[in-house]
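Nothing here was measured: the structure is a model prediction, and the numbers come from that model. So that the names make sense, note that chain A is the first sequence line, chain B the second, and so on, each numbered from 1.
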Amino acid sequence: MNQQELADLFERIADLLEIKGEVIYVTRAYRRAAESLRGLAEDIQVVHLEGRLTSIPGIGKAISEKIKELLTTGRLTFLEKLEDEVPPSLLEVLQVPDVGPRKAALFWKQAGIITREGLRQAALAGKLRNLPGMGEKSEARILAGIAALERMGGRHSLETAWKSAHIWLEWLRSLPSVQQAQPAGSLRRWKETIGDLDLVVASNEPGQVMQAFTHHPDVLEVKGQGEYKASVELRSGMRIQLWLQPPHRFGSLWQYATGSKHHNIRLREYAIQKGCSLSERGILLANGEYHECETEEEVYHHLGMVWIPPELREDRGEIQAALENRLPALIETQQRQAELHCHTTWSDGILSIEEMARFARAKGIRLLAITDHSAGLGVAGGLTVDRLRDQRAEINAVQQKLGDTIQLIQGAEVEIRSDGSLDYPNEVLAELDIAIASLHSSLKQPREVVTQRLVNAINNPHIDLIGHPSGRLFPRREGADLDWDTVLSAAVKNGVALEINASPYRLDLNDIYARRAAEMGILLAVNTDAHSQLDFELVRYGISVARRAWLTAGQVINTWQPQRILSWLHSRNKNST
DNA sequence: GCCGTTTTCGGCCCGACTGTTTTCAGTCG
């Protein structure tokens, strides 16, 4: 059992306890522990074996005992008893919008409802309206909520969300009563996937903005609307939440709406320690005065810390670091100088080597590695050894044609076969300027097997970089169940770099392991894995993972001068021969 | 249930919005 699964179980316990009626602080403690486990980059087994469980924030005596029981027996008596008391199927009722723990308990205890379908039937039969605190409107909301749940496509990719957000922000900015419109929420923090779009607006005529927003032709339904915020569902199924404040309070609003929730809670707890109270309206000082903030910087500065980049606002130590003025100088997109992973018509790309090189150059890329697939990946039309050698001639020819405006090197994305061997023999790998090894198949192998495959590749002296290490694909394919401690240790030992694949459907390594890797001294590479010219634009998504991982430019190879990258690759090759 | 340069006990983020209420509870972010 890994920490993600443990986190899911503790969330489950929190939900069930809440329905049962446990005091809020107990359930909050379980949620805090779950969140902490999700952000843990270390292997929980190792933490357990070294007796360090209670050093994890939010995990004390009681929860650490439960973790021990789960890790040693695979079961948890406490949860089993709880599930006897509270029907677990109530968790699907809890997912219905506007149904929280109190309502779920009400439906269960007073109407015998324990499933979502049961809830739907009861609502259709008009049996909910007579329950205490319920009425016809609440009953209708529940039916609408169940319907929404069924048509909602779940979370959106970062790319989908940003494309939509840009259109809406442009539209909002075109309104005469809007002074400022900005992205907020998980979008602005560049989380891997996005639920709702959160947008914030500064305006002195909030009523006009609200009116225009809720009457936009793309709006299917207005879910809620007040003076300061509105929530709508679009015809596309996406939801948008809009927050409004006058310009002199915009900083407080933007800070609040950006989150994360855990970051805000931590920040507000800190504010209390300092004798003030923080909210989306401003800072309530000890003397009773309200300090309103026009900018986010004012909010953080007032609390005695530097402004925190949104990507870091996940309650992973950023507030302490900001107080001590030791936040990293995060990598920026425009610092990218090299692209080390792309495909051409030689395998499954859609452009020739020359076309890719020209487009890369236009994007400011000064070094481009052509890394087509090896033969083993049948679907991608991978290169045999003979074709690989032919390709070198074409790369040289294009290099000659383009002169010193861009440096081209030859690499390959070498398949790690299901038996752990590599797709090219060592003497062929040795001829390459850069060798990337990637997993594409047999990702469902048991942890020890799939981990060993990756470690074999890392141990090969000719491999420089591991491509999209876990192999995950949003939204469908889970990554391999890797033993990350083993993988990262092998990478450190061999000086092999790990890729942060920038495709919004991969984002692999993720932020948590990228941060851990960098802390261990492993080099990272942010690559787009481009198959066409448009894919070069995806770099921003990869950079967002790097920023969420607290990375500086120096830790990411792609920001290095071409000459430095070549020296690094050269030194690796020399060491191995 | 967790946690502590104001506490090992007594706290635990804060406000907007909705519906059923007539002053508030529940949900959400």
Name the pairing partner of B:dG15, where a pair is Watson-Crick or G-U wobble with both distances under 3.5 Å, or state none.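 Matched B:dG15 with B:dC28 under the 3.5 Å cut-off.
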
Check whether any side-chain nitrogen or oxygen of A:Ser231 sits under 4.0 Å from OP1 or OP2 of B:dC28, and answer yes or no.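 Result: no.
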
Just to confirm, is there a sub-4.0 Å distance from OP1 or OP2 of B:dG1 to any side-chain nitrogen or oxygen of A:Tyr30?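 True: A:Tyr30 side-chain N/O within range (under 4.0 Å) of B:dG1 OP1/OP2.
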
Side chain to side chain contact (heavy atoms under 4.5 Å, CB included) with A:Val219: which of A:Thr214, A:Ile240, A:Leu234?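 Of the listed residues A:Thr214, A:Ile240, A:Leu234, the side chain to side chain contact (heavy atoms under 4.5 Å, CB included) partner of A:Val219 is A:Leu234.
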
With side chain to side chain contact (heavy atoms under 4.5 Å, CB included) as the test, pick out the partner of A:Leu119 among A:Ile114, A:Val93, A:Leu124.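 Between A:Leu119 and the candidates, side chain to side chain contact (heavy atoms under 4.5 Å, CB included) is satisfied uniquely by A:Val93.
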
Glycosidic conformation of B:dT7, taking syn as within 90° of 0 and anti otherwise: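 Nucleotide B:dT7 adopts syn.
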
Do the ring planes of A:Trp168 and A:Phe213 sit parallel (below 30°), tilted (30 to 60°) or perpendicular (above 60°)?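 Aromatic pair A:Trp168/A:Phe213 classed perpendicular.
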
Can you tell me how the ring of A:Tyr256 sits relative to the ring of A:Trp243, calling it parallel under 30°, perpendicular over 60° and tilted otherwise?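 If you compare the ring of A:Tyr256 with that of A:Trp243, the planes turn out perpendicular.
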
Hey, does [X] reach any base, or is it just sugar-phosphate, or nothing, if we go heavy atoms under 4.0 Å?
X: A:Val99; value: sugar-phosphate
X: A:Glu22; value: nothing
X: A:Ile59; value: sugar-phosphate
X: A:Ile265; value: base
X: A:Asn264; value: nothing
X: A:Lys137; value: sugar-phosphate

Rounded distance in Å - [atom1] ([X]) to [atom2] ([N]):
X: A:Arg266; N: B:dG4; atom1: CZ; atom2: P; result: 9 Å
X: A:His263; N: B:dG29; atom1: NE2; atom2: P; result: 19 Å
X: A:Lys223; N: B:dT27; atom1: NZ; atom2: P; result: 17 Å
X: A:Gln273; N: B:dC3; atom1: CD; atom2: P; result: 14 Å
X: A:Tyr270; N: B:dT6; atom1: OH; atom2: C1'; result: 14 Å
X: A:Arg102; N: B:dT18; atom1: CZ; atom2: C1'; result: 17 Å
X: A:Ile142; N: B:dG19; atom1: CD1; atom2: P; result: 12 Å
X: A:Leu131; N: B:dT20; atom1: CG; atom2: C1'; result: 13 Å

What interatomic distance, in whole Å, is found between [atom1] of [M] and the corresponding atom of [N]?
N: B:dC17; M: B:dC13; atom1: P; answer: 22 Å
N: B:dC12; M: B:dT20; atom1: C1'; answer: 30 Å
N: B:dT5; M: B:dA16; atom1: C1'; answer: 36 Å
N: B:dG19; M: B:dG1; atom1: C1'; answer: 33 Å
N: B:dG26; M: B:dT21; atom1: C1'; answer: 12 Å
N: B:dC2; M: B:dT8; atom1: C1'; answer: 12 Å

Among residues at least two apart in sequence or on other chains, which ones pass side-chain hydrogen bond (donor to acceptor under 3.5 Å, both in side chains) with A:Glu80?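 Scan of A:Glu80 (side-chain hydrogen bond (donor to acceptor under 3.5 Å, both in side chains), adjacent residues dropped) gives A:Arg75.
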
Pairs under 3.5 angstrom, nitrogen or oxygen only, protein versus nucleotides 14-16 of chain B, please.
residue	atom	partner	partner atom	Å
B:dC14	OP1	A:Ser277	OG	3.2
B:dC14	O4'	A:Arg268	NH1	2.9
B:dC14	O2	A:Arg268	NH1	3.3
B:dA16	OP1	A:Arg281	NH1	2.4

With distance as the sole test, does A:Asn510 use its side chain to make a donor-acceptor pair with the main-chain N or O of A:Tyr513 at under 3.5 Å?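 The answer is yes, because a donor-acceptor pair under 3.5 Å joins these two groups.
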
Report yes if the ring of A:Tyr25 lies under 5.5 Å from the six-membered base ring of B:dC2 with planes under 30°, and no otherwise.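 Stack criterion not met.
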
First of A:Glu136 and A:Ala104 reached from the 5' end of DNA chain B, by closest nucleotide: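 Result: A:Glu136.
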
How do A:Val26 and A:Lys274 order along DNA chain B: which one's closest nucleotide is nearer the 5' end?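 It is A:Val26, whose closest nucleotide lies nearer the 5' terminus.
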
What's the closest nucleotide to the side chain of A:Glu269 if the choices are B:dG19, B:dC12, B:dG29?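 Ranking B:dG19, B:dC12, B:dG29 by closest atom to the A:Glu269 side chain puts B:dC12 first.
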
Is it true that A:Arg516 and A:Asp485 have a side-chain N and a carboxylate O under 4.0 angstrom from each other?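 Yes, charged N to carboxylate O under 4.0 Å.
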
Looking at A:Arg120 and A:Glu117, is there a salt bridge between them, counting it only when a charged N and a carboxylate O are closer than 4.0 Å?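 The answer is yes: the pair qualifies as a salt bridge.
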
Under the salt bridge (Lys or Arg N to Asp or Glu O under 4.0 Å) definition, can you give me all pairs with a residue in residues 183-196 of chain A, not counting sequence neighbours?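 Residue pairs passing salt bridge (Lys or Arg N to Asp or Glu O under 4.0 Å), neighbours aside: A:Arg188-A:Glu296, A:Arg189-A:Glu314, A:Glu192-A:Arg472.
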
